[in-house]
Amino acid sequence: MARHNRDGHGSDQRGFDYDLSYQPDWLRLVKVTRNLESGRQSTKTLFRNPAARREAAPGPRVRTRVVSAEQGIDFEITIADPRRIVRRVIVETLPGDGADGDVVSFSFDGGLPES
């Protein structure tokens, strides 16, 4: 039986704080990617699930929420995956009003190994 979501926290390359709500038996880690002024990209692990292995099957529907009040980011993704074949989801955001064109990408990696 799937377990209830857990809460996690992290900060990105620029020191912005994030709160996460995640399914503990699916989510392995979340990475955040930003474009640098030089034109290159910077990727940082925002959150890593403290569990090395899952305790139960994740269930057919997985929800993850990301909030950063400082940047005006608040979204939730829901994955309907009864066969458990999804391993990664990428979400691109425009924080705040998006006027500066500063795209922030989040990579949600699943596939937490069985116990």
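Note that the structure is predicted; figures quoted are calculated from it, not measured.
Residues Val104 and Leu29 do not share a hydrophobic cluster, clusters being chains of Ile/Leu/Val/Met/Phe/Trp/Tyr side chains in contact below 4.5 Å. Phe16 and Val67 end up in different hydrophobic clusters when Ile, Leu, Val, Met, Phe, Trp and Tyr side chains are linked at under 4.5 Å. One hydrophobic cluster, built from ILVMFWY side chains closer than 4.5 Å, cannot hold both Val86 and Leu112; they sit in different ones.
When the salt bridge (charged side-chain N to carboxylate O under 4.0 Å, His left out) test is applied to Asp17, no partner is found at least two apart in sequence or on another chain. Judged as a side-chain hydrogen bond (donor to acceptor under 3.5 Å, both in side chains), and not counting sequence neighbours, the contacts of His9 are Asp19. By the side-chain hydrogen bond (donor to acceptor under 3.5 Å, both in side chains) test, Ser11 is found to be paired with no residue, residues two or more places apart in sequence or in another chain being considered. Not a single side-chain hydrogen bond (donor to acceptor under 3.5 Å, both in side chains) links Arg84 to another residue, sequence neighbours left out. Residues satisfying the ring-ring contact (aromatic ring centres under 6.0 Å, His included) criterion with Tyr18, sequence neighbours excluded, are Phe106. For Glu114, the side-chain contact (heavy atoms from CB on, under 4.5 Å) partners at least two apart in sequence or on another chain are Arg54. A search for side-chain contact (heavy atoms from CB on, under 4.5 Å) contacts involving Ser107 returns Lys31, Arg88, Ile90, Asp109, not counting sequence neighbours. Remark: Arg63 pairs with Glu76 by the salt bridge (charged side-chain N to carboxylate O under 4.0 Å, His left out) rule, at least two apart or across chains. Qualifying side-chain contact (heavy atoms from CB on, under 4.5 Å) partners for Arg87, counting only residues two or more places apart in sequence or in other chains: none. A search for side-chain contact (heavy atoms from CB on, under 4.5 Å) contacts involving Glu37 returns nothing, not counting sequence neighbours. Under the rule for a side-chain hydrogen bond (donor to acceptor under 3.5 Å, both in side chains), the partners of Glu55 that lie at least two apart in sequence or sit in another chain are Arg3.
With Thr64 contributing its side chain and Ile77 its backbone, the two residues share no donor-acceptor pair below 3.5 Å. Put simply, the side chain of Asn49 gets close to the backbone of Pro24: a donor and an acceptor are under 3.5 Å apart. With hydrogens and angles disregarded, a donor-acceptor distance shorter than 3.5 Å links the side chain of Gln13 to the backbone of Ser42.
With a 4.5 Å cut-off on side-chain heavy atoms, Asp74 and Arg65 count as touching. Within the 4.5 Å cutoff, side-chain heavy atoms of Phe47 are placed close to those of Leu27. Asp102 places none of its side-chain heavy atoms less than 4.5 Å from the side chain of Gln71. Between Phe108 and Val66, some side-chain heavy-atom pair lies under the 4.5 Å cut-off.
Summarising the geometry of Ser21 relative to Asn5, their closest heavy-atom pair is OG-ND2, 3.2 Å, with the distance given to 0.1 Å. Contact detail for Ala52 and Pro113: the closest heavy-atom pair is O-CD, 3.6 Å.
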Inset, instruction - Verify side-chain contact (heavy atoms from CB on, under 4.5 Å) between Val103 and Leu94, making sure each step is shown before the conclusion. - result: CA-CA 5 Å; Val103 174; Leu94 284 171; 3.7 Å; yes
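Screening residues 42-51 for salt bridge (charged side-chain N to carboxylate O under 4.0 Å, His left out), with sequence neighbours left out, gives no hits.
Interatomic distance, CD of Gln23 versus CD1 of Ile79, reported as 10.0 Å (0.5 Å rounding).
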